Amino acid sequence: MLKTEAFKEIKQNAEREYGGLDDFRMVAAFLVVAIHTSPLLAFTETGDFFLTRILARIAVPFFFMVSGFFVLKGENTDRTVRKFMKKTAILYGISMLLYVPLNLYNHYFQMEDFFKNFLKDIFFDGTFYHLWYLPAAIEGAAVAYFLLKKFGNKGALSVSLVLYLIGLFGDSYYGVIKGIPVLSGLYERIFSISAYTRNGIFFAPVFFVMGSIWAGKLSAGKGKPHHISFVVPAAGLAECFLAMTAEGILLHRFSIQRHDSMYVMLLPTMYFLFWLLTAFSQKGNPLLRKMAMLIYIIHPYMIVLTRMGAKALHMEKWFIENSLLHYLAVSVESLLCALLLLCLWKNWKERTDGLRKGGRRREGTRKERILEKDVRSTERAWVEINLSNLRHNAKTLQAIMPGQCELMAVVKANAYGHGANLTADCLRKEGVRQFAVASLEEGIALRKHGITEEILILGYTDIRRSRQLKKYRLVQTVIDYEYARELNACGLHLPIHIKIDTGMHRLGIDSRHVEQISGIFHLSCLKVTGIYTHLCVADSLEKEDVEYTENQIKRFYELLDVLKVKEHPDIKVHLQSSYGLLNYPGLSCDLARMGIALYGVKSALGDVTRQKPDLLPVLSLKARVGLIREIEAGETVSYGRTFTAERDSHIAILPIGYADGLPRNLSCGKGSVLIHGKRMPIVGRICMDQLAVDITGEEGIKPGDEAVLIGRDGLEEISAEELAYQADTITNELLSRLGPRLKRVPVF
Ligand SMILES: *Cc1c(COP(=O)(O)O)cnc(C)c1O
């Protein structure tokens, strides 16, 4: 598959299940337009009341709820909520400026008590009639976030319901308390600050909280709402909406309403609506999100435009007096205008991106995208990552783990050369929730890329950088007791995994030092969320090595018994890496740290393991023939003149060298490459950026043809294991050294 599409698909899949929500955003946007144009007014007043004051009243709560759903979910809430508030504030600022001309036209700036009212508008009512939504979204998100953090789901729901109740009596139920002086006095106070209780304090929070709780519920079900049926939410929605209709009509009939945004039945109606929409499993569409928001922001302008246009063309009868046509005209104009703005914005972004990124091709200009279209036809050398093999490996490994054991994907060293972002994106989509890296930087890079799952740092991190551990929610490995104490002394509350040395003698606290280890549990700032060890000869089935490993395992489990770790279900226990799992399956633990096996290769050629799952290699290394030259018998090729042609020869020069991570000791015939499905020797010394291949006798090879250095070509294959063997190393080293100059191209 082509690369642009690949990236797009990865991005979209991250949010695939909630396409129903995106579709409904458009419905909601046009409902809001209806509120401000009263489409049925010319025909039936009750009908219009129903449409605009009851039905359309689900639109804004829906927007709040969907924001709560995406913004206040999961563990990275801190950052997303801040980002949401900032984005909304910017949008609010732009919108306010956008409406200044209409404000001027309406003599807005000549209002009495200008400064006070202006502040009131900015914080609550909006400087134009529909803009109240934006401050309400910011405040609602903030209040909901605060409540959720402080009181948890139930508490936040209760408090926000109380707020809603207070709001209710200033809105649809105002008539009930109007006669009670104490209360009506109180509400007058409220109204002097915010014209309605339909604002970010009383109205919005409950919907944000509901959205957040719903998101939590779905992700607890592993994010896939397929099992939820449609019947229950559809029936619930119908019933509640009917009741809300009755409620609205009664309140209206008895003139109890001061305003008509808030109903009691609105809450269960929203609950069932959301349930129904998330029960649809389909791809999300970010475009619809932007479009709905633009329609919301610009439709008042379109109302003005329609009126002015109708007057200018003497078509008032059609487009003003006929409320339905008026509504349709405003809707169509809003839609077109939104489309136009999106196109302009995209164009502008492409141009600036193109400038900023220079030669780098990522969502660049049109020209760059054409290049991108098939990166493999233009790249000099590249790495192909077979994502379906990666998925297959993850599933296969997970299948041989005991029931409660979860796969922890080790994506250190750029995922063993496979591209950490690409790999992690693919795996999280498969449901992998645990990642491990070697260093702080690797963890931060994954976070910045948007990986929100657990990330464990296996290696050393300087204590002075503990703030970054906190900031990026990374779990640090405590590598000895002193380290734990120093980390604790930073005063930051941090989750940690304790590393136990059972015989590898690298990082970790000696398993015999029980007092030190249990001391870590008592350090006030550190929260032990995991404990693990590492096996050092798990790859060998020699008797002595098996004994050594079994001894390591025994020490580890004895320690766990002494520490009574079993009594703490939230402490993750793990000890196997790839060979640990393949040779010692069935050990009781919570995680298995999979590196090399996940990538579908063995460390060394001929490694035999007890478990032999069918793992598939994920990575291929390819280069293009750059040049073909003829040399005469007796001439030499490359540095040091190590290769002398015995006959008149054809030599292909490939633009890949040791700076790309191809080991230099594959020089002089030790290594080979596949071209046109045939194996041909690397001759002469491998250079930093180039190497030579003897293709004599092979007709039809031309510059631009593909050469395979790792991978399959027709019936021939050069496995990573073979190449590592020829280079006197193991695949782990070979792959993890493949350098950043090589583009990682996903294939499916
Ligand atoms: C790298 C590493 C792993 C993964 O090892 P593989 O053999 O590639 O599966 C597991 N645990 C620790 C501590 C590591 O450093």
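Keep in mind the model is a prediction, meaning the values are calculated, not measured. Every number for a ligand or one of its atoms is a count from 1 in the order of the listing.
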Write out the residue and atom name of the closest protein heavy atom to [atom], then the distance separating them to 0.1 Å.
atom: atom 11 (N) of ligand 1; value: Arg593 NE, 2.7 Å
atom: atom 12 (C) of ligand 1; value: His534 CE1, 3.5 Å
atom: atom 14 (C) of ligand 1; value: Lys412 NZ, 2.9 Å
atom: atom 9 (O) of ligand 1; value: Ser578 OG, 2.4 Å
atom: atom 8 (O) of ligand 1; value: Tyr416 OH, 2.5 Å

Any N or O on Leu458 sitting closer than 3.5 Å to an N or O of ligand 1?
-> no
Does any N/O atom on Val410 come nearer than 3.5 Å to any N/O atom on ligand 1?
->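 Among all N and O atoms of Val410, none is under 3.5 Å from an N or O of ligand 1.
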Between Glu721 and Lys602, is there a donor-acceptor pair closer than 3.5 Å when you use the side chain of the first and the backbone of the second?
-> yes
For the side chain of Asp660 and the backbone of Leu662, is there at least one donor-acceptor N/O pair under 3.5 Å apart?
->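 No.
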Which segment of Lys602 sits under 4.0 Å of ligand 1 when only heavy atoms are counted =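 Neither part.
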Closer than 4.0 angstrom: is that true for some heavy atom of His574 and an atom of ligand 1?
->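 Per 4.0 Å heavy-atom rule, His574 does not contact ligand 1.
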Tyr639, OH: over 12 other non-hydrogen atoms inside 6.0 angstrom = no
In this structure, are over 12 heavy atoms from other groups packed under 6.0 Å from Arg467 atom CZ?
-> no
